[in-house]
Amino acid sequence: QVQLAESGGGSVQAGGSLRLSCVTSGFTYSNYYMGWLRQTPGKQREGVAAIDNEGGTTYANSVKGRFTISVDNAKNTLYLQMADLQPGDTAMYYCAAYYSAVVPGSMDLLRDFGYCGQGTQVTVSS
């Protein structure tokens, strides 16, 4: 059973940094496309960053150069390092995993069909 547990959210001022963590269990990274999504009230969930099983990364334009996604296979943990946070980054952040052994993953497939955790709130004040 795929399980994802996020942590690391909080409240910071603009320009600050946070690192989100997602401890996973129940699956093998080699068969999954992993990433982070975020959602604010009244808006559709959007992809933030993703990583494939070869270490290739994809970022939303709004976070390029500020956010870094990484994975520690030994710890079964996915990370999202966020720097220079802005009020527009305020959202609930979700760790997500999409089974990609049959159809290669993408940010859209991750958002629409991926398993998600419960989320961790990030609030950035100006």
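FYI, the numbering just counts along the sequence from 1.
Taking all atoms of both residues into account, the shortest heavy-atom contact from S30 to N53 is O-ND2, 2.6 Å. In terms of heavy-atom proximity, L37 sits nearest to G47 at CD2-CA, 3.7 Å. A pairwise comparison of heavy atoms in S17 and Q81 identifies CB-NE2, 4.3 Å as the closest pair. Taking all atoms of both residues into account, the shortest heavy-atom contact from Y33 to G105 is CG-CA, 3.7 Å. Among all heavy-atom pairs drawn from D52 and E54, the shortest one is OD1-N, 2.8 Å. Taking all atoms of both residues into account, the shortest heavy-atom contact from M107 to A50 is SD-CB, 3.9 Å.
Looking at D89 and M82, their side chains never come closer than 4.5 Å, going by heavy atoms from C-beta outward. Contact check for K75 versus S21: no side-chain heavy atoms found under the 4.5 Å cut-off.
Put simply, Y79 and V63 are part of two different groups of oily side chains (I, L, V, M, F, W, Y) that touch within less than 4.5 Å, one to the next. If you chain together hydrophobic residues whose side chains sit under 4.5 Å apart, I51 and L80 fall into the same group.
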task: Please step through side chain to side chain contact (heavy atoms under 4.5 Å, CB included) for the pair Q39 and C116, ending with a clear verdict.
output: CA-CA 12 Å; Q39 188 170 25; C116 282; over 6 Å; no
- prompt: Would Y59 and T68 satisfy side chain to side chain contact (heavy atoms under 4.5 Å, CB included), going step by step from the backbone distance to the final call?
  reply: CA-CA 8 Å; Y59 295 93; T68 303; 3.9 Å; yes
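Although no hydrogens or angles enter the test, the distance criterion places a donor-acceptor pair under 3.5 Å between the side chain of T120 and the main chain of G9. Listed for the E6 side chain is a donor-acceptor partner under 3.5 Å among the backbone atoms of G119. Distance alone, capped at 3.5 Å, places no donor-acceptor pair between the Y29 side chain and the D72 backbone. The backbone N or O of V23 sits nowhere less than 3.5 Å from a side-chain atom of T77 that would complete a donor-acceptor pair. Panel note: side chain S106, backbone L109; a donor-acceptor pair is recorded below 3.5 Å. Under the 3.5 Å distance criterion, the side-chain polar atoms of T90 are matched with a main-chain donor or acceptor of V124.
Distance check, rounded to the nearest 0.5 Å: CE of M34 to CG of L110 gives 8.5 Å. Taken from CD in Q44 to CG in D112, the straight-line distance is 7.0 Å, to the nearest 0.5 Å. Note that CG of L20 and CH2 of W36 are 4.5 Å apart. Values are rounded to the nearest 0.5 Å. For the atom pair CD (Q1) and OG (S25), the distance works out to 8.0 Å, reported to the nearest 0.5 Å.
A disulfide bridge connects C95 to C22: their SG atoms sit within less than 2.5 Å of one another.
The only option from T24, T57, N76, L78 that meets the side-chain contact (heavy atoms from CB on, under 4.5 Å) definition with V71 turns out to be L78.
Salt-bridge formation is not detected for the pair R111/E46: no Lys NZ or Arg NE/NH1/NH2 atom is positioned less than 4.0 Å from an Asp or Glu carboxylate oxygen.
Ring pair Y32/Y115 is tilted by interplanar angle, where 30° to 60° counts as tilted.
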